[in-house]
Amino acid sequence: MVTTTLQGQSIQLLGFRASFGDPRGLLHSAPMSSSPSAQNLFARAAADAVARITGVAADFKVEAPPRPELGDFAVGCFAAAKALKQAPPAVAAKVAAEFQPTELLSAATATGPFVNFRANRAAGFRWLIDATLGGGALVPQTVGAGQTVCIDFSSPNISKHLAYHHIRSTVIGHALVNLNRAIGARVIGINHLGDWGTTHGMVMAAYKKWGAPEPLDVTAINDLYVRFREAMKADPTVEQEGRVWFKKLEDGDAEARALWQRFRDISWAEFESAYQMMDITFDEVRGESAYEPELPGVLAMLRDKGLVSESEGAQVAVLPDEKNPVLLVTRDGTTLYATRDVAAAMYRWNTYGFTRSLYVVDRGQGLHFKQLFKLLALAGYEWSSRCEHVPFGLVRIAGKKTGTRTGNITLLKAVFAEAIDEVAPMMRANAAKIDAQISDAEIERTATMVGVGAIVFANLLPQREKDVDFDLEKVTSLSGDSGPYLQYSHARCVSIQRKGGVPIEHATLTPEVLARLGNDHEWAVARRLLDFGEIVARAAAASEPHLLCHYMLELAGDFSRWYTAGNEDAGLRVLCEDLELRRARVALVGAVQATLKQGLGILGLGAPDVM
RNA sequence: GCGCGUGUAGCUCAGUUGGAUAGAGCGUUGGCCUCCGGAGCCAAAGGUCGCAGGUUCGACUCCUGCCACGCGCACCA
């Protein structure tokens with residue numbers, strides 16, 4: 001009922017939008033650049049000051065000076081200088097000389113071609129305490145408001161385990177879901193299960209041929225597949241049996257359907273147990289099979305538009321400037337995944353009317369998506385320009401490519417289990433050291449959070465397009481740039497607040513209280529927090545979770561330096577004797593904790609209170 | 001062969017639409033526990049940013065060529 005209504009609406013929408021022609025410029029430039037509204041107030045004030053004093057209307061780039069002594073916000077005067085036909089240092093000097101302090105910015109200094117602004121620290125602390133502990137938000141919801149983003153991620157094949165090489169799509173996709181939600185977009189996270197195709201015919205043929213031990217599980221099903229591939233190598237005619245069974249499945253044969261359903265159910269139960277460990281859910285679990293009823297219509301549509309031709313017995317779509325055509329129907333008359341992807345793309349458009357439709361799939365399938373989007377464009381769907389392949393590099397294990405086809409496979413859950421084992425003893429040792437009462441069940445839960453977090457973070461940290469070579473020892477390493485380091489920082493924040501014994505309800509954090517903050521360590525932390533919103537917006541726009549990973553490490557580093565400084569200089573300690581000052585500092589710790597928790601949540605990591 | 005991607009410290013990686021002295025982690029060396037939890041902090045050593053040209057006031061960043069490695073290129077997904 002609801003679906004019908006939605007579809008009806010969006011079909012109208014389609015016609016409506018189509019009449020406006022190519023929306024690419026508008027639709028792509030908006031989400032792809034971090035809009036000025038993602039910048040914090042202070043950075044914007046700095047850019048405005050330069051624009052006002054120089055009289056040059058431009059959206060000046062604001063960055064952090066290379067060294068904090070220089071200032072808080074830097075604006076280079078290159079563009080303004082060009083417009084005014086003056087030397088950049090002269091323009092910078094003029095801006096600095098004419099600058100009048102405001103509520104947000106206290107000073108401006110020219111250093112060469114740069115103007116370095118200093119924030120009014122009191123205003124900075126006030127703003128971020130309101131944004132984290134009050135009703136505000138560090139991430140402006142306006143950035144993604146009104147956008148609808150479909151994200152196809154994880155999407156494993158049934159009848160196989162969730163293997164380690166699935167982790168990047170799963171983890172990157174999950175982070176993108178959270179990033180887009182964080183900026184206020186409506187997000188549909190989609191698990192496009194590989195539950196259709198010749199492969200599944202092979203599994204059925206194998207099952208009929210050899211049977212399998214009961215109770216049937218994914219291992220047994222996958223063994224059938226592997227055995228079938230072996231048999232194919234020995235006798236190529238065996239392959240035909242698989243094709244026959246897939247044809248039966250597509251033709252609606254009852255036995256084939258029942259068998260397929262069983263394999264699918266068993267597989268999904270297995271996948272779900274792994275997703276649960278990562279705390280991942282999907283808004284839509286819709287396999288390729290779901291599009292099967294629509295395929296004849298899709299093919300007819302493509303034919304009507306003159307896009308289908310025959311080649312070597314198969315039906316293909318020939319694309320301009322492409323060496324190979326898109327295969328739509330095999331010579332056996334069965335469909336291929338490109339056909340189903342066309343149907344899925346149309347379904348998503350008709351159902352959701354997306355602003356962006358992301359496919360978080362490994363780089364090896366770049367050609368497939370390039371051709372898919374091209375085909376959609378040829379078919380007249382201008383919304384194909386809103387579809388984006390979000391590619392990522394290979395996962396290797398000990399330098400070797402992984403995957404079910406290469407036989408080099410490591411189960412995701414096995415990797416998690418090893419990481420958890422690695423972490424658990426330390427959790428127990430720490431529990432004894434900490435005052436808090438911790439039950440065994442709690443320790444176990446935290447060990448899972450930290451072990452899984454280590455693996456998740458390690459796969460998010462490098463840029464998407466880089467290959468990652470998996471090394472268990474390194475991935476579960478807890479020191480340095482790791483998920484557990486972030487989680488540890490969070491636990492320390494909670495611990496300090498717990499021991500603080502001072503209330504930090506937002507209403508009690510008066511200007512007088514916050515005025516007690518101000519030393520360089522405290523400010524370094526605050527200054528970092530001010531960047532959170534822009535980082536999240538940029539990571540969402542670029543579909544690059546690693547931007548947030550690196551930011552989180554820097555935030556945790558700033559925080560660590562602050563509380564370590566208290567070891568040598570008692571005057572810097574958060575839990576100082578002066579209760580008003582203590583309250584102000586604990587509030588800042590609370591702001592850090594809230595931000596670490598939000599950031600960890602976006603990345604898909606838990607934030608333990610003790611660990 | 002064609003296409004896509006990657007090349008930054010011994011190793012793993014950052015480097016924000018071209019901008020200030022190219023930064024982290026691991027490892028190495030040396031410091032910091034009567035210290036709010038040492039999964040931490042500080043310091044030192046370590047770089048022809050693959051190579052060669054070009055554009056620019058300015059290039060790790062943009063363009064061209066080359067080299068190395070990886071991946072993809074018709075009936076699997």
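Worth knowing before you read on, the calculation uses all heavy atoms, side chains too, and leaves out hydrogens, waters and symmetry mates. All values reported here derive from a predicted model rather than from experimental measurement. Every chain is numbered from 1 and lettered A, B, ... according to where its sequence line falls, protein lines coming before strand lines.
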R582(A) side chain reached by L579(A) side chain, heavy atoms, under 4.5 Å: yes
Mapping V316(A) and M426(A) onto RNA chain B by nearest heavy atom, which one lands closer to the 5' end? M426(A)
Determine the contact category for R67(A): base if any of its heavy atoms lies under 4.0 Å from a base atom, sugar-phosphate if only primed atoms, P, OP1 or OP2 are that close, otherwise nothing. base
Taking everything shown except E69(A) itself, do over 12 heavy atoms lie less than 6.0 Å from its CD? yes
Reckon P65(A) touches a base, only the sugar-phosphate, or nothing at all at heavy-atom distances under 4.0 Å? base
Given atom CZ of R396(A) and atom P of C69(B), what is their separation to the nearest angstrom? 13 Å
Look at the side-chain N and O atoms of Y337(A) and state whether any lies under 4.0 Å from the OP1 or OP2 oxygen of A77(B). no
S289(A) and D195(A) side chains, donor-acceptor separation under 3.5 Å: yes
Whole-Å distance, F114(A) CZ to U21(B) C1', equals 13 Å
C1'-based separation of A9(B) from C26(B) [nearest Å]: 12 Å
Taking atom P in both C36(B) and A20(B), what distance in whole Å separates the two? 41 Å
Presence of R331(A) side-chain N/O under 4.0 Å of A74(B) phosphate oxygens OP1/OP2: no
So N430(A) and M611(A), do their side chains get closer than 4.5 Å, heavy atoms only? no
Identify whether a stacking contact exists between Y485(A) and A39(B), where the ring centres must be under 5.5 Å apart and the planes under 30° apart. no
Salt bridge present between K233(A) and E230(A) (N-O < 4.0 angstrom): yes
If you apply the rule side-chain hydrogen bond (donor to acceptor under 3.5 Å, both in side chains), what do you find for S560(A) with T564(A), and how did you get there? CA-CA 6 Å; S560(A) 291; T564(A) 304; 5.7 Å; no
For N116(A), answer base if it contacts any base atom (sugar-phosphate contacts may also be present), sugar-phosphate if it contacts only those atoms, and nothing otherwise; contact means non-hydrogen atoms under 4.0 Å. base
Just need the stems in RNA chain B: three or more back-to-back Watson-Crick or G-U pairs, each with both distances under 3.5 angstrom, sorted by first number. B:1-7 with B:67-73, B:10-13 with B:23-26, B:28-32 with B:40-44, B:50-54 with B:62-66
Heavy atoms from other residues, nucleotides or ligands near CD of E580(A) exceed 12 (cutoff 6.0 Å): yes
Within the 4.0 Å heavy-atom criterion, would you say I496(A) contacts the bases, only the backbone, or no part of the nucleic acid? sugar-phosphate
What is the distance, to the nearest angstrom, from the CG atom on L478(A) to the P atom on G37(B)? 19 Å
Check this one for me: any side-chain N or O of R561(A) less than 4.0 Å away from OP1 or OP2 of G40(B)? no
Base, sugar-phosphate, or nothing: which does M611(A) touch, judged by heavy atoms less than 4.0 Å apart? base
Could you check if a side-chain atom of V574(A) sits within less than 4.5 angstrom of a side-chain atom of L588(A), using non-hydrogen atoms only? no
Would you check if F78(A) stacks with the base of G19(B), given a 5.5 Å centroid limit and a 30° plane limit, both strict? yes
Any donor-acceptor N/O pair under 3.5 Å between G37(B) base and S495(A) side chain: yes
Taking D467(A) first and then R396(A), would you say they form a salt bridge - that is, a charged N and a carboxylate O separated by under 4.0 Å? yes
Before you tell me yes or no, could you show the steps for F263(A) and Y225(A) under ring-ring contact (aromatic ring centres under 6.0 Å, His included), namely the whole-Å CA-CA distance, both residues' side-chain angles and the distance that decides it to 0.1 Å? CA-CA 12 Å; F263(A) 295 158; Y225(A) 176 72; over 10 Å; no
Expressed as a whole number of angstroms, how long is the span from Q487(A):CD to G37(B):P? 18 Å
Whole-Å distance separating the CZ atom of F246(A) from the C1' atom of A77(B): 11 Å
Given the P atoms of G46(B) and G54(B), what is the spacing between them in whole Å? 32 Å
Using whole Å, what does the distance between atom C1' of nucleotide C36(B) and atom CG of L581(A) come to? 13 Å
Send over the distance from H165(A) NE2 to G70(B) P, rounded to a whole Å. 20 Å
With rounding to the closest Å, how many angstrom separate the C1' atoms on A68(B) and C75(B)? 35 Å
Heavy-atom check, side chain of Y337(A) versus side chain of H368(A), under 4.5 Å: yes
With heavy-atom distances below 4.5 Å as the criterion, would you say the side chains of F246(A) and W196(A) are in contact? yes
Over all strands shown, is G364(A) touching base, sugar-phosphate only, or nothing at heavy-atom distances under 4.0 angstrom? sugar-phosphate
Atom P, compared across C49(B) and G25(B): separation rounded to whole Å: 23 Å
What's A491(A) touching, base or sugar-phosphate or nothing? Going by heavy atoms closer than 4.0 Å. base
Any base atoms under 4.0 Å from N430(A), or only sugar-phosphate, or nothing? Heavy atoms, all strands. base
Please tell me if the side chains of F559(A) and V589(A) come closer than 4.5 Å, counting only heavy atoms from C-beta onward. yes
Specify the separation, in whole Å, of atom CZ of F559(A) and atom P of G40(B). 14 Å
Between T564(A) and S311(A), which residue's closest nucleotide on RNA chain B lies nearer the 5′ terminus? T564(A)
Which part of the nucleic acid does M427(A) contact within heavy-atom distance under 4.0 Å: base, sugar-phosphate only, or nothing? base
At 4.0 Å (heavy atoms only), tell me whether R492(A) reaches a base, stays on the sugar-phosphate, or touches nothing. base
Base, sugar-phosphate, or nothing: which does A565(A) touch, judged by heavy atoms less than 4.0 Å apart? nothing
Under 4.0 Å, heavy atoms only, any strand: does Q497(A) hit a base, just the sugar-phosphate, or nothing? nothing
Have a look at L336(A) and say if it touches a base, only the backbone sugar-phosphate, or nothing, with a 4.0 Å heavy-atom cut-off. sugar-phosphate
Is it possible for you to check whether R527(A) lies under 6.0 Å from the centre of the six-membered ring of F73(A), through NZ or CZ, and within 45° of that ring's axis? yes
Side chain to side chain, D609(A) and H490(A), heavy atoms closer than 4.5 Å: yes
Say you pick atom P in G5(B) and the same atom in G23(B); how far apart are they, in whole Å? 29 Å
In whole Å, measure the gap between the C1' atoms of A43(B) and A24(B) for me. 16 Å
How far, in whole Å, is U12(B) from U8(B) if one measures between their P atoms? 8 Å
Is there a donor-acceptor contact under 3.5 Å linking the side chains of T335(A) and Y291(A)? no
Where do N or O atoms of nucleotides 10-16 of chain B meet protein N or O atoms at under 3.5 Å, pair by pair?
from: A14(B); atom 1: OP1; to: Q463(A); atom 2: N; distance (Å): 2.5
from: A14(B); atom 1: OP2; to: K466(A); atom 2: NZ; distance (Å): 2.9
from: G15(B); atom 1: OP1; to: H546(A); atom 2: NE2; distance (Å): 3.3
from: G15(B); atom 1: OP2; to: Q463(A); atom 2: NE2; distance (Å): 2.7
from: U16(B); atom 1: O2'; to: R538(A); atom 2: NE; distance (Å): 3.2
from: U16(B); atom 1: O2'; to: R538(A); atom 2: NH1; distance (Å): 3.1
from: U16(B); atom 1: O2'; to: R538(A); atom 2: NH2; distance (Å): 3.2
from: U16(B); atom 1: O2; to: R538(A); atom 2: NH1; distance (Å): 3.3

Heavy atoms under 4.0 Å, any strand shown: does G197(A) hit a base, just sugar-phosphate, or nothing? sugar-phosphate
Go along nucleotides 23-31 of chain B 5' to 3' and tag each nucleotide: B for a protein heavy atom under 4.0 Å from its base, S when only backbone or sugar atoms are that close, - otherwise. -SS------
